[in-house]
2 protein chains.
Amino acid sequence: MLSNLFKFINQFVDFSEKEIKSVQEFVQVIHLNKNEIFINEGEIADQIAFTNSGYLRVYYNYDGEEITRDITPLHSFATALSSFVLQTPSFEIISAITDCELLVIKKEHLEYLYSEYPKWERLGRRIIEEMFVESQRRIYSFITETAETRYKRILKQYPDMIHDVPLKYIADFLGIKLQSLSRLRKNINW
Amino acid sequence: MLSNLFKFINQFVDFSEKEIKSVQEFVQVIHLNKNEIFINEGEIADQIAFTNSGYLRVYYNYDGEEITRDITPLHSFATALSSFVLQTPSFEIISAITDCELLVIKKEHLEYLYSEYPKWERLGRRIIEEMFVESQRRIYSFITETAETRYKRILKQYPDMIHDVPLKYIADFLGIKLQSLSRLRKNINW
DNA sequence: TAAATAACTTAACAAATGTTAAATAAACTG
DNA sequence: CAGTTTATTTAACATTTGTTAAGTTATTTA
């Protein structure tokens, strides 16, 4: 059940048997059905999820419309980040695009692990660093690439995503409208 | 000399006198003239800078052109992040837009502080979290806002920047061409 | 200070993306 | 399976941004 998580974690730090054990009492497995909400608007995000299976999306309401800012790839972490970090009410909503199995840990438990096990603090920092690098990469792609190139990049980087995630969410993720994505797909130049 | 840095640090953690002292032996003050390079392409970024005064830009060569991905606000941290984190050759270049005074710490010293003082690890994590939140905010603005709105946001968020930073860099930062920024400034709708 | 370079603006036309409004296709639900 | 909802496509026209090629203004340097 936790093996994907451990595989992920071991990319960043070497955990002893005991340190690995330390997580088990805090991690909770939850299942979300498609369209179920993990973190709602106005709530203070007190949990972070590792996606064991399925896709989540991070979106927010803007002018009466839902705008998807992020789609979490498989086996990655997701939370309403600014709410989680600053403990302020979330303007972001996180919900399940497909049925999901999540490994969830509460912020207070994470803080406990941070203070009790230095390697956990290190892990937290390394994961955030990694997410930050990816986020910067995405900014690059908004600055230099066309929507078509960004779309091809998704196909390459997350080939499974296209099967399970509706195009309207992918369009948002790319920063264009659904209709523009549809047109772009038709005229795509391989 | 270090007071801006301490002010910045104390937003995130409470350092004791002794912990504050721990930084002083590792922080080096350097001055860059306008256009001088702090981290070059191909180099492995082994330092991170706090901008005590002046503006840096992070850019890279793309198709023979320089593309500015980031302009560091005053009193913030800058490095070629993915190179610094992964210790791989940097494709990014960091250079001084204006004369700069930087407080610089080497990665090895930072790692030492991380391992020796848990609060430093915490500080590192908190600062990265903060940078990550800002980076996500920027992705939002690429997805939902027009270039005009993004430009107005810079004016509001960093009112001094406009005096010291050439528009060509700001245009890159906004993800548009210089000429488009110029047109947008003319037609701006307040 | 004159010449040179860099920064910024303008304009005409091209390309990309948005908007509105529909039609079709696919997936759910009773 | 029929009806309904959701997903996707298409098309015409509008708006935004890019491209190219100038020009003007400001700043730097000999």
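Chain A is the first sequence line, chain B the second, and so forth, proteins listed ahead of strands; every chain is numbered from 1.
- Within the structure, ring pair (Phe, Tyr, Trp, His ring centres under 6.0 Å) contacts touching residues 150-188 of chain A (residues at least two apart or in different chains) do not occur.
- D:dA14: Watson-Crick or G-U partner is C:dT17, with both key distances under 3.5 Å.
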I would like to know whether B:Y60 and B:E65 meet side chain to side chain donor-acceptor pair (under 3.5 Å); could you show each step before the answer?
CA-CA 8 Å; B:Y60 58 108; B:E65 270 186 307; over 6 Å; no
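- Within residues 158-178 of chain A, the residues that have a heavy atom under 4.0 Å from DNA chain C are, in order of number, A:G175, A:I176, A:K177.
- Under the salt bridge (Lys or Arg N to Asp or Glu O under 4.0 Å) criterion, A:R122 pairs with B:E121, sequence neighbours left out.
- Near DNA chain C, meaning a heavy atom under 4.0 Å from it, residues 148-156 of chain A has no residue at all.
- Heavy-atom nearest nucleotides on DNA chain C were determined for B:K186 and for A:R183, and the one closer to the 5' end corresponds to B:K186.
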List the steps, then state whether ring pair (Phe, Tyr, Trp, His ring centres under 6.0 Å) holds for B:F15 with B:F6.
CA-CA 9 Å; B:F15 267 11; B:F6 291 144; 8.4 Å; no
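- Here B:R57 pairs with B:E66 in a salt bridge; the nearest charged N to carboxylate O distance falls below 4.0 Å.
- The separation between A:I188 atom CD1 and C:dA16 atom P is 13 Å, rounded to whole Å.
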For B:F77 and B:F8: C-alpha separation, side-chain torsions, deciding distance, then whether ring pair (Phe, Tyr, Trp, His ring centres under 6.0 Å) applies.
CA-CA 10 Å; B:F77 284 96; B:F8 189 90; 5.3 Å; yes
Derivation and outcome, salt bridge (Lys or Arg N to Asp or Glu O under 4.0 Å), residues B:K34 and B:D164
CA-CA 11 Å; B:K34 183 174 169 181; B:D164 298 320; over 6 Å; no
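- Backbone-only engagement by A:R185 is indicated by non-hydrogen atom pairs under 4.0 Å involving sugar-phosphate atoms exclusively.
- Only one option out of B:F26, B:Y114, B:Y117, B:W120 pairs with B:H109 in a ring pair (Phe, Tyr, Trp, His ring centres under 6.0 Å); it is B:F26.
- For DNA chain D, the contact window with chain A, defined by any atom under 4.0 Å from a protein heavy atom, covers D:dA7 to D:dA11 in 5' to 3' order.
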Identify each atom pair where a protein N or O and an N or O of nucleotides 27-30 of chain C are less than 3.5 Å apart, giving names and distance.
none

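- In this structure, the CG atom of B:L181 is 8 Å from the P atom of C:dT9, given to the nearest Å.
- If you take CG of A:L184 and C1' of C:dT17, they are 10 Å apart, rounded to a whole angstrom.
- Partner of A:E145 under the salt bridge (Lys or Arg N to Asp or Glu O under 4.0 Å) criterion, out of A:R150, A:R153, A:R137: A:R153 alone.
- Between B:T72 and B:A78, the shortest heavy-atom contact is CG2-CB, 3.4 Å.
- Between A:K106 and A:D46, at least one side-chain nitrogen of the basic residue sits less than 4.0 Å from a carboxylate oxygen of the acidic one, meeting the salt-bridge criterion.
- Taking atom CD on B:Q179 and atom C1' on C:dT9, their separation rounds to 9 Å, with Å as the unit.
- Within the 4.5 Å cutoff, no side-chain heavy atoms of B:L56 are placed close to those of B:S95.
- Between A:E134 and A:R138 no salt bridge is recorded (no basic side-chain N to carboxylate O distance below 4.0 Å).
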